[in-house]
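Please read the structure below before turning to the comments.
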Amino acid sequence: MEYKFTSENFESEVLQSEVPVLVDFYADWCGPCKMMAPIIAQLAEKYDGKVKIGKCNIDEEDGLARMYRVMNIPNMKIFVKGEPVENIVGAVPPEELEAQLSKVL
């Protein structure tokens, strides 16, 4: 299941999560973000129950983007126990994201 992270649910869904969380900071107008969308969706299905995977639109959630210093997109951050532990910037192959996820599982 792919989550939608917002300022309203970020605390409960990401920071207080019992499982690792991958947050894809993106924008609708971003070409590389559109390239990553199906990869993020596939990983969300593959890791359902093990990792929360979802998206955070930086245009709608600019406060979160500023708080986590998202300067370039796509920007995928992996959170463990409320702390960002991995940061992946740009369009990357699914294997790279899976390698980062395996570090936190």
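Index from 1, following the sequence.
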- Using a 4.5 Å side-chain heavy-atom cut-off and chaining through intermediate ILVMFWY residues, the residues clustered with M71 come out as none
- Is any side-chain heavy atom of I78 less than 4.5 Å from a side-chain heavy atom of V21? no
- Item | Atom of C33, atom of P74 and distance for their closest heavy-atom approach | SG-N, 3.7 Å
- ring-ring contact (aromatic ring centres under 6.0 Å, His included) pairs, two or more places apart, involving residues 82-105: none
- Do V92 and I39 belong together in a cluster built from hydrophobic side chains that touch within less than 4.5 Å? yes
- side chain to side chain donor-acceptor pair (under 3.5 Å) contacts in which one or both residues fall within residues 15-24, not counting sequence neighbours: E11-Q16, D24-K55
- Query: Quick one: ring-ring contact (aromatic ring centres under 6.0 Å, His included) pairs with a partner in residues 84-105, sequence neighbours left out?
  - Reply: none
- Message: As an exercise, state the distance from NZ of K46 to CG of L101, rounded to the nearest 0.5 Å.
- Response: 9.5 Å
- Check against side chain to side chain donor-acceptor pair (under 3.5 Å), E61 and S7: CA-CA 7 Å; E61 304 297 339; S7 54; 3.1 Å; yes
- Can you see which heavy atom on N57 is nearest to which on A27, and at what distance? OD1-CA, 4.4 Å
- Query: Quick one: salt bridge (charged side-chain N to carboxylate O under 4.0 Å, His left out) partners of E60, sequence neighbours excluded?
  - Reply: K4
- Query: Looking at side-chain heavy atoms only, is the closest gap between M36 and M76 below 4.5 Å?
  - Reply: yes
- Query: Can you check whether D48 reaches I53 side chain to side chain, under 4.5 Å on heavy atoms?
  - Reply: no
- Message: Under the salt bridge (charged side-chain N to carboxylate O under 4.0 Å, His left out) definition, can you give me all pairs with a residue in residues 28-44, not counting sequence neighbours?
- Response: none
- Please list all pairs passing the ring-ring contact (aromatic ring centres under 6.0 Å, His included) test where one or both residues lie in residues 6-53, with sequence neighbours left out. F10-Y68, F10-F79
- Task: Could you check if a side-chain atom of V19 sits within less than 4.5 angstrom of a side-chain atom of V51, using non-hydrogen atoms only?
- Result: no
- What residue pairs, at least two apart or across chains, pass ring-ring contact (aromatic ring centres under 6.0 Å, His included) with a residue in residues 84-105? none
- N/O donor-acceptor pair under 3.5 Å between N9 side chain and T6 backbone: yes
- Query: Given side chains that start at C-beta, do those of L22 and I40 come closer than 4.5 Å, heavy atoms only?
  - Reply: yes
- Is there any side chain to side chain donor-acceptor pair (under 3.5 Å) pair reaching into residues 78-91, and which pairs are they, with sequence neighbours excluded? K77-N87
- Item | Residues which pass salt bridge (charged side-chain N to carboxylate O under 4.0 Å, His left out) with D62, listed by chain and number, not counting sequence neighbours | R66
- Would you say V85 and L15 are hydrophobically clustered, going by side-chain heavy atoms of ILVMFWY under 4.5 Å? no
- Sub-4.5 Å side-chain heavy-atom contact between N75 and I88: no
- Note on the structure: Those residues at least two apart in sequence (or on a different chain) that pass ring pair (Phe, Tyr, Trp, His ring centres under 6.0 Å) with Y3 are F5
- side chain to side chain contact (heavy atoms under 4.5 Å, CB included) partners of P38, counting only residues at least two apart: none
- 4.5 Å side-chain heavy-atom contact, E98 and L43: yes
